[in-house]
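So that the names make sense, note that chain A is the first sequence line, chain B the second, and so on, each numbered from 1.
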Amino acid sequence: MIDLRLVRENPDLVRASQRARGADESRVDALLTADAERRQAVKRGDDLRAEQKNASAAVKKASPEERAAVLERAKSLAAQVKEAEEAQRAADAALREAHLKLANVVADEVPPGGEDDAVTLRTVGEVPTYDFPVRDHLEIGELLGAIDMERGAKVSGSRFYFLTGPGALLEFALAQLAIGRAVAAGFTPVVAPALVRPEAMEGTGFLGDHDEEVYRVERDDLYLVGTSEVALAGMHAAEVLDLANGPRRYAGWSSCFRREAGSYGKDTRGIIRVHWFDKVEMFSFCAPEEAAAEHLRLLAWEEEFLTALELPYRVVDIAAGDLGTSAARKYDIEAWFPSQGTYRELTSTSDCTTFQARRLNIRYKDSDGKNQIAATLNGTLCAIARTIACLLEVHQRADGSVYVPKALRPWLGGVELLTPGMTLAAAVPPPTA
RNA sequence: GGAGGCUUCGCCUAGUCCGGUCUAUGGCGCCGCACUGCUAAUGCGGUUUGGGUUAAUCCCCAUCCCGGGUUCAAAUCCCGGAGCCUCCGCCA
């Protein structure tokens with residue numbers, strides 16, 4: 001949630017932000033009203049409680065003659081307090097509800113518009129050309145024995161898959177590369193839970209207007225995460241972090257689950273849009289004034305990773321109307337998919353400023369020793385299924401084999417080429433010991 | 001799944017049986033001041049976190065794991081839940 005003080009002191013700024021998102025700007029006024037009403041209710045409750053405390057203490061001291069009268073007064077005040085507390089609870093709940101309905105305030109520099117108005121910041125790498133008819137990643141995956149959609153559907157339904165043989169090895173190679181690079185850059189590697197409590201889900205902003213995207217395990221009141229961001233943010237909920245030595249960075253590994261409601265007919269082929277995939281996610285806690293710079297660092301790490309995979313891409317600055325609830329700013333990296341002749345999102349990094357941390361009560365001690373709300377940022381290092389899809393397409397050869405980028409080779413037995421029918425033993429790193 | 005124990009203001013801890021004097025004890029740590037030509041020691045004071053109010057100070061309210069309840073009054077009594085620990089059962 002956003003800073004209430006900002007809403008009180010500069011409601012126009014918040015209204016403008018809602019407008020830029022294409023969201024309802026009257027929610028700002030609803031929040032202001034709820035805030036004023038809550039403060040009134042709190043004052044009344046506090047005053048009555050103070051009076052009642054005095055009355056209650058007087059009961060003890062009262063002489064036997066006056067005791068009955070004093071007790072009567074205390075009882076009457078107790079009843080009034082009860083009433084006032086009821087009103088206060090209602091006012092608190094109304095405020096929280098109104099507060100949760102506001103998305104994060106959009107950063108000044110964010111391009112206006114919606115989904116189609118992202119601004120391309122740069123394009124990196126040459127779009128490859130092929131002197132043979134290109135195959136899509138599923139065709140290549142099937143030739144290699146790397147992807148099995150049919151059996152995925154048999155076992156789990158549509159948008160599920162098996163990664164088999166070289167596909168499975170690719171998953172581990174990408175994971176090793178991503179985690180290894182993150183650790184080298186100073187991130188703490190984390191294997192994170194994929195099932196989380198509602199508070200973690202709500203705290204990261206996934207239960208608002210987009211909760212139909214999320215799998216819920218009703219029987220146990222748990223949710224399957226759509227990204228390890230949820231667990232990583234929740235990891236330090238209600239804590240005061242030491243950020244004196246700079247941002248606290250995690251590289252989280254987890255499975256990710258998405259219902260993909262409302263995406264019927266989109267990307268039905270292959271493993272570009274699936275209900276489940278594994279991902280290495282970067283997550284950073286830092287001081288709010290450092291968030292924008294940290295955001296660019298996350299973006300740089302993402303770019304370096306794609307460069308290591310020798311994939312051409314472009315960086316886009318997401319427009320206000322297409323930002324997630326928690327994000328003040330978001331950059332996507334879109335990589336080239338030859339079968340589609342276009343760039344598709346491969347990674348995404350969001351600056352959530354203090355929005356998530358305020359909900360999750362994540363603070364840090366500033367240089368004056370005062371507790372302040374921290375900022376949180378997240379960025380994809382490697383969404384594995386989609387990255388495999390992109391690798392297979394971009395690095396395909398006429399005979400159905402696939403070039404292996406140098407960076408991945410250490411994890412694939414040093415092979416330069418994945419070929420249909422190859423011996424898998426060749427693509428496994430030799431034991432080091 | 002079953003049985004028991006535990007959870008107090010950074011850490012440790014007193015208090016809980018038997019409700020009010022708890023405005024929560026003491027130690028450690030930390031901050032400030034005093035003293036000492038440095039350091040150490042000592043003394044004094046401060047040190048949970050939120051909210052309300054205010055120009056600011058003051059003040060008020062809440063906060064003893066969380067949520068309910070009993071009561072004029074709850075750290076303390078009752079109910080529910082969470083977390084940690086021990087034991088039994090089951091289990092990769």
G-U wobble or Watson-Crick pairing nucleotide for [N] (cut-off 3.5 Å, both distances):
N      : result
A56(B) : none
G20(B) : C72(B)
C64(B) : none
U42(B) : A34(B)
G29(B) : U47(B)
C90(B) : none
U7(B)  : A82(B)

- Query: Any side-chain heavy-atom pair from Phe277(A) and Arg159(A) closer than 4.5 angstrom?
  - Reply: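 The answer is no, as the side chains (C-beta and beyond) never meet within the 4.5 Å cut-off.
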- Spell out, as yes or no, whether a donor-acceptor pair under 3.5 Å connects the side chain of Thr349(A) to the backbone of Asn378(A).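 Side chain of Thr349(A) to backbone of Asn378(A): a pair is present.
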- Message: Quick one: does any side-chain atom of Arg359(A) pair with a main-chain N or O of Ala200(A) as donor and acceptor, under 3.5 Å?
- Response: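 Pair absent, no side-chain N/O of Arg359(A) close to backbone of Ala200(A).
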- Can you tell me how far P of C59(B) sits from CG of Asn54(A), to the nearest Å?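 That distance rounds to 15 Å.
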- Message: Test salt bridge (Lys or Arg N to Asp or Glu O under 4.0 Å) on Glu303(A) and Arg297(A); report intermediate values, then the result.
- Response: CA-CA 10 Å; Glu303(A) 290 194 60; Arg297(A) 287 190 282 266; over 6 Å; no
- Message: Walk me through whether Glu85(A) and Lys82(A) qualify under salt bridge (Lys or Arg N to Asp or Glu O under 4.0 Å).
- Response: CA-CA 5 Å; Glu85(A) 282 180 343; Lys82(A) 202 164 183 181; over 6 Å; no
Which value, in whole Å, describes the distance between the [atom1] atoms of nucleotides [N] and [M]?
N      : M      : atom1 : answer
G20(B) : U13(B) : P     : 24 Å
U49(B) : C58(B) : P     : 16 Å
C87(B) : G81(B) : P     : 24 Å
C12(B) : G29(B) : P     : 16 Å
A56(B) : G67(B) : P     : 30 Å
C33(B) : A40(B) : P     : 15 Å
C84(B) : C78(B) : P     : 25 Å
A75(B) : C66(B) : C1'   : 14 Å

- Looking at the rings of His236(A) and Phe285(A), which for Trp means the six-membered one, are their centres under 6.0 Å apart?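 Yes, the ring centres sit under 6.0 Å apart.
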- Can you check whether Lys53(A) has a side-chain N or O nearer than 4.0 Å to OP1 or OP2 of A62(B)?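 Checking Lys53(A) against A62(B): at least one side-chain N or O falls below 4.0 Å of OP1 or OP2.
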- Item | Phosphate OP1/OP2 of U70(B): any Lys82(A) side-chain N/O under 4.0 Å |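 Answer is yes, contact under 4.0 Å.
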Pull out every protein N or O sitting under 3.5 Å from an N or O of nucleotides 49-56 of chain B, one pair per line with the distance.
from   : atom 1 : to        : atom 2 : distance (Å)
U49(B) : O3'    : Arg363(A) : NH1    : 2.8
G50(B) : OP1    : Arg363(A) : NH1    : 2.4
G51(B) : O3'    : Arg38(A)  : NH2    : 3.0
G51(B) : N2     : Asp46(A)  : OD2    : 3.0
G52(B) : OP1    : Arg38(A)  : NH2    : 3.0

- Message: Base contacts versus sugar-phosphate-only contacts with protein, heavy atoms under 4.0 Å: please encode nucleotides 71-84 of chain B as B, S and - from 5' to 3'.
- Response: -BS--------SS-
- Query: Can you name the nearest heavy-atom pair linking Val214(A) to Arg259(A), along with the distance?
  - Reply: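 Where Val214(A) meets Arg259(A) most closely, the heavy atoms are O-CD, 3.0 Å.
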- Message: Which residue is it: Arg386(A), Glu281(A), Glu302(A)? I am looking for the one with a side chain to side chain donor-acceptor pair (under 3.5 Å) to Thr347(A).
- Response: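 Answer after filtering Arg386(A), Glu281(A), Glu302(A): Glu302(A).
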- Item | Parallel, tilted or perpendicular, as decided by the 30° and 60° cut-offs, for the rings of Trp276(A) and Phe160(A) |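 Taking Trp276(A) first and then Phe160(A), their aromatic rings lie parallel (interplane angle under 30°).
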- Atom pair OG (Ser350(A)) and CG (Asn104(A)), whose distance is rounded to the nearest 0.5 Å: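 Atom-to-atom, Ser350(A):OG and Asn104(A):CG are 10.0 Å apart.
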